[in-house]
Amino acid sequence: MTSTAAKPARSDRQTRSITAARAAELKAANINPRTGLATDYLNHFNEAIMLLEMIPDMPECAEDFLGWQPLSYAEHFTASNFKARDLAIEAYESADAAVRAEFDNITSSMTSILTAVSAAMRKAQQDKTRATLAEQATGWVKPLVALAGGIINGRGNAADVDYIMTH
């Protein structure tokens, strides 16, 4: 006759302690413990915005913008010097699916806009056309970066995205 000892269940106190420790670890790494997302990823889009904003005054910056390449959340952190990049990727992968889907929808929209503008800019013959494209793209992407930041920080609404994309 064999006996199998049941594993003791974790107490609520132990679970809260683990949860608190995890939250502290994420917070120390600049990852929102509630969402599992880090604002550092938005730097990828802010870089493109900064380059776009320079084009009207310095047309030669169009070449720098054309060098911008889209990166997924994991690709961004893998290529970055972010101290807790592995933790950022793991937290993203274990984030609430609905939050992550809303976030991914917005970042996908930003990527689509920036790649479409890049393609149009490659075909543009005049600096004035590139400047106009840059100004329009900046106007479209900046509000989306703000929405993505809201989701990262635990605020956000898909209806806001729909409104921005249709106006």
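The model shown is predicted, which means the values in this text are computed figures rather than measured ones.
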Rounded distance (nearest 0.5 Å) linking atom OG1 of Thr78 with atom CG of Leu71: 9.5 Å
Spacing of Asp104 atom CG and Ile151 atom CD1 [to the nearest 0.5 Å]: 9.5 Å
Minimal non-hydrogen separation, Leu87 against Ala29, with atom names: CD2-CB, 3.9 Å
Joint cluster assignment, Trp140 & Met121, ILVMFWY side-chain distance < 4.5 Å: yes
Pairwise side-chain contact, Met110 with Val145, heavy-atom cut-off 4.5 Å (strictly under): yes
Under 3.5 Å donor-acceptor, Asn105 side chain and Ala101 backbone: no
Asn153 backbone acceptor or donor facing Thr35 side chain under 3.5 Å: no
Arg122 (side chain) donor-acceptor with Leu66 (main chain) under 3.5 angstrom: yes
Shortest non-hydrogen contact from Pro143 toward Thr138: CD-O, 4.3 Å
Main-chain N/O of Glu93 paired with Arg100 side-chain donor or acceptor, under 3.5 Å: yes
Asn46 side chain to Tyr41 side chain, donor-acceptor N/O pair below 3.5 angstrom: no
hydrophobic_cluster_shared for Leu26 and Phe77, side chain cutoff 4.5 Å: no
Trace of the side-chain contact (heavy atoms from CB on, under 4.5 Å) decision for Val117 with Leu114: CA-CA 5 Å; Val117 167; Leu114 293 169; 5.7 Å; no
Trp68 and Phe45 aromatic ring geometry - parallel, tilted or perpendicular at 30°/60° bounds: tilted
Heavy atoms of other groups near Glu60 CD, more than 12 under 6.0 Å: yes
Lys/Arg N to Asp/Glu carboxylate O, Lys142 vs Glu53, below 4.0 Å: yes
side-chain contact (heavy atoms from CB on, under 4.5 Å) evaluation trace for Leu37 with Ile31: CA-CA 5 Å; Leu37 302 172; Ile31 300 166; 5.9 Å; no
For Asp96 against Ala98, the heavy-atom pair lying closest together: OD2-N, 3.0 Å
Interatomic distance, Thr39 atom OG1 to Asn32 atom CG [nearest 0.5 angstrom]: 9.0 Å
Sub-4.5 Å side-chain heavy-atom contact between Pro33 and Arg22: no
His76-Asp40 side chain donor-acceptor pair, cut-off 3.5 Å: yes
Main-chain N/O of Ala62 paired to Arg130 side chain as donor or acceptor, under 3.5 Å: no
In one Ile/Leu/Val/Met/Phe/Trp/Tyr side-chain cluster, 4.5 Å: Met54, Leu133: yes
Sidechain-backbone polar pair: Thr111 side chain, Thr107 backbone, donor-acceptor under 3.5 Å: yes
Spacing of CD1 belonging to Ile113 relative to OG belonging to Ser118, to within rounding of 0.5 Å: 13.5 Å
Where Leu52 and Ala134 come nearest, the two heavy atoms and their spacing: O-CB, 3.3 Å
Distance in Å, Ile106 CD1 paired with Leu144 CG, rounded so as to fall on 0.5 Å steps: 6.5 Å
Test item: His44 side-chain N/O and Gln69 main-chain N/O as donor-acceptor pair under 3.5 Å: yes
Separation between CE of Met50 and CG of Asn43, rounded to the nearest 0.5 Å: 10.5 Å
Transitive ILVMFWY side-chain link Val99 to Tyr73, under 4.5 Å: yes
